[in-house]
> 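There's a structure below that I have some questions on.
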Amino acid sequence: LPLFEELRSEDGVIKPVMSANAEGTWRLNRSNVAALAPEIEAYFANRPLMLQPFERGIIEAGEYSMIYINGTHSHSILKVPKRGDFRVQEEHGSEVIPVVPEPALLAAGKAAIAAVGQKLLYARADLVRSDDVFRVMELELVEPALYLRTDPAAPERFAEAVDSCVRLS
């Protein structure tokens with residue numbers, strides 16, 4: 001199918017351009033695309049969509065979330081999908097594990113945030129390991145889950161960042 005040639009992958013993910021909690025997200029491959037086509041076409045009849053190659057690292061190791069507060073790395077987690085699923089959202093049964101990021105993950109997260117080009121009050125960079133590099137899956141800049149509960153000092157850092165922002169305005 002042309003879809004998979006364009007992706008240069010045997011697996012893909014189709015999802016809304018804007019969504020939450022993996023709503024409207026399907027994993028596609030050559031064997032299931034024909035069966036899912038009517039449901040997907042109906043769902044996206046009036047919604048913009050995006051298609052991306054499926055990153056196997058998500059099911060092999062999970063997705064890392066790097067949380068930044070006031071432009072600085074605050075804390076990190078690993079979201080591991082439940083067995084048999086590819087979605088990393090807690091609503092779909094994933095496990096959330098606080099992690100100390102390795103230097104390569106810190107560098108990849110920092111580069112992703114720097115690409116925005118301005119200091120952010122808060123942001124989350126979601127990355128997945130692909131071979132020996134980390135790939136950005138998405139940057140969460142509007143109402144991201146910041147997983148403050150996973151680091152005892154994170155709520156205080158966030159409150160201080162908001163307070164300093166309010167004092168500056």
Side-chain angles (χ1 to χ4, degrees), residues 7 9-29 31-33 36 39-40 43 49-116 120-162:
L7 283 177
S9 176
E10 293 299 309
D11 290 291
V13 174
I14 190 169
K15 60 186 181 180
V17 172
M18 292 179 59
S19 68
N21 305 323
E23 182 178 330
T25 300
W26 284 270
R27 181 175 173 191
L28 303 174
N29 56 52
S31 64
N32 72 1
V33 69
L36 292 173
E39 183 180 2
I40 291 171
Y43 186 85
L49 61 91
M50 60 190 223
L51 179 66
Q52 63 191 86
F54 179 74
E55 287 288 342
R56 294 207 54 79
I58 290 174
I59 57 174
E60 293 168 354
E63 179 180 83
Y64 293 90
S65 288
M66 308 289 289
I67 293 88
Y68 294 83
I69 296 174
N70 214 13
T72 302
H73 175 256
S74 172
H75 57 287
S76 302
I77 61 167
L78 175 63
K79 299 177 289 191
V80 180
K82 78 176 181 185
R83 186 177 209 85
D85 204 342
F86 69 98
R87 297 168 297 180
V88 296
Q89 294 75 14
E90 291 175 280
E91 294 81 0
H92 299 287
S94 74
E95 183 179 5
V96 173
I97 305 163
V99 295
V100 175
E102 63 182 86
L105 179 56
L106 277 171
K110 182 178 181 179
I113 295 299
V116 174
L120 302 166
L121 176 61
Y122 58 82
R124 191 181 84 221
D126 293 337
L127 302 106
V128 64
R129 185 187 301 270
S130 179
D131 297 319
D132 289 333
V133 298
F134 289 96
R135 295 183 188 252
V136 176
M137 297 305 293
E138 60 188 331
L139 287 176
E140 294 280 355
L141 306 177
V142 180
E143 296 185 21
L146 298 175
Y147 299 92
L148 298 175
R149 72 183 187 280
T150 65
D151 182 316
E156 180 76 19
R157 285 192 294 270
F158 186 67
E160 288 172 2
V162 170

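This one's a predicted model, so the numbers in the text were calculated from it and none came from an experiment.
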> Going through the checks in order, is the side chain to side chain contact (heavy atoms under 4.5 Å, CB included) test met by Ile67 and Thr150?
CA-CA 11 Å; Ile67 293 88; Thr150 65; 5.9 Å; no
> Measure the spacing between CG of Leu49 and OG of Ser19 and express it to the nearest 0.5 Å.
11.5 Å
> How many angstroms lie between atom CH2 of Trp26 and atom CD1 of Ile40, to the nearest 0.5 angstrom?
5.5 Å
> Above 12 or not: heavy atoms from other molecules or residues under 6.0 Å from CZ of Arg135?
no
> Just by modelled atom types, is the Pro98 backbone N or O under 3.5 Å from a matching donor or acceptor in the Tyr147 side chain?
no
> Report the distance from atom CD1 of Ile69 to atom CZ of Phe158, rounding to the nearest 0.5 Å.
6.5 Å
> Taking the side chain as every heavy atom from C-beta outward, state whether Tyr43 and Pro16 have any pair of such atoms under 4.5 Å apart.
yes
> Start with the C-alpha distance between Val96 and Arg149, add both sets of side-chain angles, then the distance that settles side chain to side chain contact (heavy atoms under 4.5 Å, CB included), and finish with yes or no.
CA-CA 11 Å; Val96 173; Arg149 72 183 187 280; 4.3 Å; yes
> Working to the nearest 0.5 angstrom, can you tell me the gap between Asp126 CG and Ile77 CD1?
8.0 Å
> Can you give me the closest heavy-atom contact between Ala125 and Ala112, atom names plus distance?
CB-CB, 4.3 Å
> Between Gly57 and Val128, which heavy-atom pair has the shortest distance, and what is it?
C-CG2, 3.4 Å
> From the options Arg87, Lys82, Arg83, Gln89, select the one residue that forms a side chain to side chain donor-acceptor pair (under 3.5 Å) with Asp85.
Arg87
> Taking Ala153's backbone N and O only, do any of them form a donor-acceptor pair with Asp151's side chain (distance below 3.5 Å, no angle check)?
yes
> Does atom NZ of Lys110 have more than 12 heavy-atom neighbours from other groups under 6.0 Å away?
no
> OH/Tyr68 to CG/Leu146 distance, rounded to the nearest 0.5 angstrom?
12.5 Å
> Listed by chain and number, what are the side-chain contact (heavy atoms from CB on, under 4.5 Å) partners of Glu143, not counting sequence neighbours?
none
> Per the side chain to side chain donor-acceptor pair (under 3.5 Å) rule, which among Glu140, Lys79, Glu138 passes with Ser65?
Lys79
> Can you name the nearest heavy-atom pair linking Leu78 to Gly62, along with the distance?
CD1-C, 3.7 Å
> I'd like to know whether Glu63 forms a side chain to side chain contact (heavy atoms under 4.5 Å, CB included) with Glu55, so could you lay out the CA-CA distance, the side-chain angles of the two residues, the decisive distance to 0.1 Å, and finally the verdict.
CA-CA 10 Å; Glu63 179 180 83; Glu55 287 288 342; over 6 Å; no
> Can any side-chain N or O of Arg27 pair as donor or acceptor with the backbone N or O of Phe54 at less than 3.5 Å?
no
> If you measure from NE2 on His75 to CE on Met66, what distance do you get to the nearest 0.5 Å?
10.5 Å
> Would you call Ser94 and Val80 a side-chain contact if the rule is heavy atoms closer than 4.5 Å?
no
> On a heavy-atom basis, which atom in Asn29 and which in Ser31 lie closest, and how many Å separate them?
OD1-OG, 2.6 Å
> Quick one: are Ser76 and Tyr64 in side-chain contact, heavy atoms under 4.5 Å?
no
> Could you check whether any side-chain N or O of Asn70 sits under 3.5 Å from a backbone N or O of Arg157, counting only pairs where one atom can act as donor and the other as acceptor?
no
> Does Glu102 have any side-chain contact (heavy atoms from CB on, under 4.5 Å) partners at least two apart in sequence or in another chain, and if so, which?
Ala104, Leu105, Arg129, Phe134
> Counting N and O atoms only, with roles assigned by atom type, does the side chain of His92 sit under 3.5 Å from a partner on the main chain of Asn21, one being a donor and the other an acceptor?
yes
> State, yes or no, whether a side-chain contact exists between Val162 and Tyr122 at a heavy-atom distance under 4.5 Å.
no
